[in-house]
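Shown next, in structure tokens, is the structure this report addresses.
For the single chain, residues carry numbers from 1 onward in sequence order. The basis for the numbers below is simple: all heavy atoms, side chains too, and nothing from hydrogens, waters or symmetry mates. As the structure is a computational prediction, the values presented were derived from the model and not from experiment.
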Amino acid sequence: MATSSQSSVEPSSNEVKDYICNACEDQNNAETSADFYCKQCERFYCGNCIHLHGKLFAKHNSIGRVDIDKWPVSKKFLQTCDVHKEHKIDQFCNLHKQLCCPQCVSDQHRYVLFGCLVIITI
């Protein structure tokens with residue numbers, strides 16, 4: 001089954017960073033967790049970087065994690081399927097709680113009679 005094996009994980013930690021600060025990544029290739037999203041720039045920022053961004057772009061509206069449902073889907077999870085290397089993971093089987101590519105859905109999650117009714121496209 002497909003997994004999100006390339007997510008960022010801090011060494012000696014179980015924390016998965018779903019969104020990475022683009023400014024930190026650009027400056028020093030650090031993977032700092034993002035706390036804000038700027039819709040105008042279409043970029044993510046950590047708590048430190050959002051202050052400079054706010055000074056430079058005062059009219060931009062940043063969206064914090066409180067409104068994370070307004071953020072775009074993290075591209076970290078749009079990875080190649082471990083089983084079907086030619087497919088990208090773009091769906092989630094709610095019954096099996098698994099990330100899936102279209103071929104996984106076709107092969108193992110298409111059986112409506114067995115309860116795979118909710119396949120969510122991400």
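Atoms NZ and SG, from K85 and C101 in turn, are 10.5 Å apart once rounded to the nearest 0.5 Å. Atom SG of C38 sits about 6.5 Å away from atom CD1 of I50, to the nearest 0.5 Å. Atom CD1 of residue I89 and atom SG of residue C104 lie 7.5 Å apart, to the nearest 0.5 angstrom.
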Let me see the working for S33 and R65 under side chain to side chain contact (heavy atoms under 4.5 Å, CB included), right down to the final yes or no. CA-CA 11 Å; S33 187; R65 280 194 176 265; 3.5 Å; yes
Using the side chain to side chain contact (heavy atoms under 4.5 Å, CB included) rule, take N61 and Q40 through it: C-alpha gap first, then chi angles, then the decisive distance, then the call. CA-CA 8 Å; N61 294 317; Q40 289 87 343; 4.1 Å; yes
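The shortest distance between side-chain heavy atoms of D26 and R43 falls below 4.5 Å. Considering only heavy atoms from C-beta on, Q103 stays 4.5 Å or farther from C81 through its side chain.
Of all non-hydrogen atoms in I63 and W71, the two that sit nearest each other are O-NE1, 3.0 Å. Closest approach of H84 to D107, counting heavy atoms only: NE2-OD2, 3.4 Å. Minimum heavy-atom separation, D35 to G47: OD2-N, 3.3 Å.
Relative orientation of the Y19 and F44 rings is tilted, given thresholds of 30° and 60° on the angle between their planes. The aromatic rings of F57 and H60 lie parallel to each other, their planes meeting at an angle below 30°, with 60° marking the opposite boundary.
Within 6.0 Å of the CD atom in E42, the count of heavy atoms belonging to other residues, nucleotides or ligands does not exceed 12.
Neither L52 nor F36 shares a network with the other; the hydrophobic side chains, linked directly or stepwise wherever heavy atoms of I, L, V, M, F, W or Y lie under 4.5 Å apart, form separate groups for each.
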